Amino acid sequence: MIINNLSVSYTDAGGKQLPVIIFIHGFPFNKSMWNLQVESLKNDFRLITYDIRGHGSSDAGNEVCSIELFVIDLISLMDALKIKNAILCGLSMGGYIALNAIEKYKERFDALILCDTQCIADTFEAKEKRAKAIEEIRKSGLEKYADESIKNLFASESFTTRLNEIANVREMIVNTSEQSICSTLLALSVRKETCHMLSEIAVPVLIMVGNEDKITPPAAARFMQERLGGSVLKITDHAGHLSNLENPAEFNVQLKMFVKSVY
Ligand code: MLT
């Protein structure tokens with residue numbers, strides 16, 4: 001589908017008349033990371049997954065990447081699909097996009113699921129790390145970047161129990177273009193914080209995080225929950241930063257219980 005002069009790859013599963021859940025993937029992955037969630041919810045919801053520009057099979061476009069631009073893409077996709085309202089479920093960068101989207105377009109969202117994400121902006125050290133990563137990628141390519149990333153993405157036990165998932169995630173990273181990874185790293189490093197607006201979110205929110213998430217740890221989830229009155233926090237065992245892939249059984253139970261309580 002063409003939106004904002006950009007070819008965007010998406011999937012649309014479940015019944016067209018059912019309540020909609022839109023899934024937003026993390027960086028630098030793609031929509032296939034939600035396959036198991038789509039499978040588990042397709043009898044009760046309409047489920048949209050899509051590739052953020054520059055990821056998966058979506059075009060990168062020529063504009064400078066930013067979380068704000070990713071939000072415009074999301075709203076344009078909803079408009080093109082004639083989706084007025086939806087539940088948003090975002091993991092990590094997907095969560096950053098979801099929080100920015102609800103800040104700007106609160107009437108379009110009925111509930112929020114924030115997975116392995118945070119509301120703070122990058123610290124000076126985090127920005128430096130991203131700048132170094134860009135330098136390294138330009139010098140040594142994506143294979144090394146993927147190997148380094150994998151070490152932080154998964155819980156320690158996943159390295160023996162989730163070899164297929166790790167291989168798939170590695171594929172997702174190396175199949176993303178160097179240019180898109182670098183421009184998204186820059187977009188992430190200049191993103192603004194969203195903590196100050198959490199108390200204004202009036203829809204139900206579920207926060208989920210892997211108990212071994214090293215990138216956006218449980219403390220970051222608790223920090224958000226304290227500012228989100230009435231939100232629910234679930235810490236997923238046997239999982240790191242990619243809790244929906246590392247422990248889909250527990251993740252899906254929590255997800256299903258929450259989305260069924262929304263309507
Ligand atoms: C992600 O999984 O989307 C990234 O870890 C987000 C980030 O680097 O801040």
Side-chain angles (χ1 to χ4, degrees), residues 22-34 37 49-56 58 65-71 73-74 88-101 112-137 142 145-155 158 162 165-166 168-176 180-195 207-210 212-221 223-224 236 239-247 251:
I22 302 175
F23 292 90
I24 318 175
H25 63 78
F27 166 81
F29 317 124
N30 63 53
K31 61 182 178 314
S32 70
M33 70 169 290
W34 297 113
Q37 284 66 50
T49 70
Y50 71 103
D51 290 331
I52 293 170
R53 65 166 69 210
H55 295 73
S58 288
C65 281
S66 65
I67 299 295
E68 289 76 10
L69 179 63
F70 296 156
V71 170
D73 290 341
L74 164 68
L88 262 190
C89 175
L91 185 136
S92 200
M93 174 175 72
Y96 308 158
I97 298 169
L99 284 168
N100 275 267
L112 211 53
I113 302 141
L114 300 170
C115 320
D116 301 282
T117 192
Q118 59 193 354
C119 60
I120 58 166
D122 265 13
T123 59
F124 178 71
E125 290 74 26
K127 284 182 205 284
E128 268 199 337
K129 241 169 112 183
R130 296 205 203 266
K132 279 215 180 81
I134 293 172
E135 221 178 280
E136 271 297 310
I137 291 167
L142 283 182
Y145 174 74
D147 291 334
E148 288 302 314
S149 303
I150 294 285
K151 287 183 198 157
N152 287 323
L153 287 169
F154 290 91
S158 296
R162 296 282 172 191
E165 288 76 6
I166 292 177
N168 287 342
V169 167
R170 195 178 186 285
E171 277 294 298
M172 291 186 218
I173 300 175
V174 296
N175 287 336
T176 311
S180 289
I181 294 210
C182 293
S183 50
T184 311
L185 277 166
L186 273 180
L188 290 170
S189 79
V190 298
R191 75 181 190 281
K192 62 183 177 59
E193 64 87 27
T194 47
C195 308
I207 304 170
M208 284 200 272
V209 62
E212 267 194 63
D213 186 338
K214 297 192 266 289
I215 299 173
T216 50
F223 185 83
M224 288 193 294
T236 309
H241 189 57
L242 298 179
S243 54
N244 71 314
L245 293 174
E246 296 179 79
N247 190 346
F251 186 97

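Counting convention: from 1, in listed order, for ligands and their atoms alike. What you are looking at is a predicted structure, and each value in this text was computed from that prediction instead of being measured. FYI, the numbering just counts along the sequence from 1.
Each of the following atoms of ligand 1 lies closer than 4.0 Å to a heavy atom of Gly26: 3 (O). With ligand atoms numbered from 1 in the order given, ligand 1 contributes 2 (O) to contacts under 4.0 Å with heavy atoms of Phe29. Taking a cut-off of under 4.0 Å to the non-hydrogen atoms of Ser92, the atoms of ligand 1 that pass are 1 (C), 2 (O), 3 (O), 4 (C), 5 (O), 6 (C). Interface of Ile215 with ligand 1, defined as ligand atoms under 4.0 Å from a residue heavy atom, comprises 5 (O).
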For side chain to side chain contact (heavy atoms under 4.5 Å, CB included), just list the numbers for Gln118 and Phe223, CA-CA rounded to whole Å, side-chain angles, deciding distance to a tenth of an Å, and then say yes or no. CA-CA 8 Å; Gln118 59 193 354; Phe223 185 83; over 6 Å; no

Should Cys115 and Cys89 be marked as a disulfide bond (SG atoms under 2.5 Å apart) after you check the CA-CA gap, both sets of side-chain angles, and the distance that decides it? CA-CA 7 Å; Cys115 320; Cys89 175; 3.9 Å; no

Begin from the C-alpha positions of Asp73 and Ile52 and carry the test side chain to side chain contact (heavy atoms under 4.5 Å, CB included) through to its verdict. CA-CA 8 Å; Asp73 290 341; Ile52 293 170; 5.9 Å; no

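Residue Ile137 comes nearest to Cys182 through the heavy atom pair CG2-SG, 4.0 Å, listed as atom of the first residue, atom of the second, then distance.
Closest to atom 9 (O) of ligand 1 among all protein heavy atoms lies Tyr96 OH, 2.6 Å.
Distances from ligand 1 to the non-hydrogen atoms of Gln118 include no value under 4.0 Å. In this structure, His25 has no heavy atom closer than 4.0 Å to ligand 1.
Residue Leu91 places no N or O, backbone or side chain, under 3.5 Å from any N or O of ligand 1.
To the nearest 0.5 Å, the span separating CZ on Phe29 from CG on Leu153 amounts to 4.5 Å.
Residues His241 and Thr216 bring a donor and an acceptor atom of their side chains to less than 3.5 Å of each other.
By heavy-atom distance, the residue among Met33, Arg191, Met93, Arg130 lying nearest atom 8 (O) of ligand 1 is Arg130.
The backbone N or O of Met33 sits less than 3.5 Å from a side-chain atom of Asn244, completing a donor-acceptor pair.
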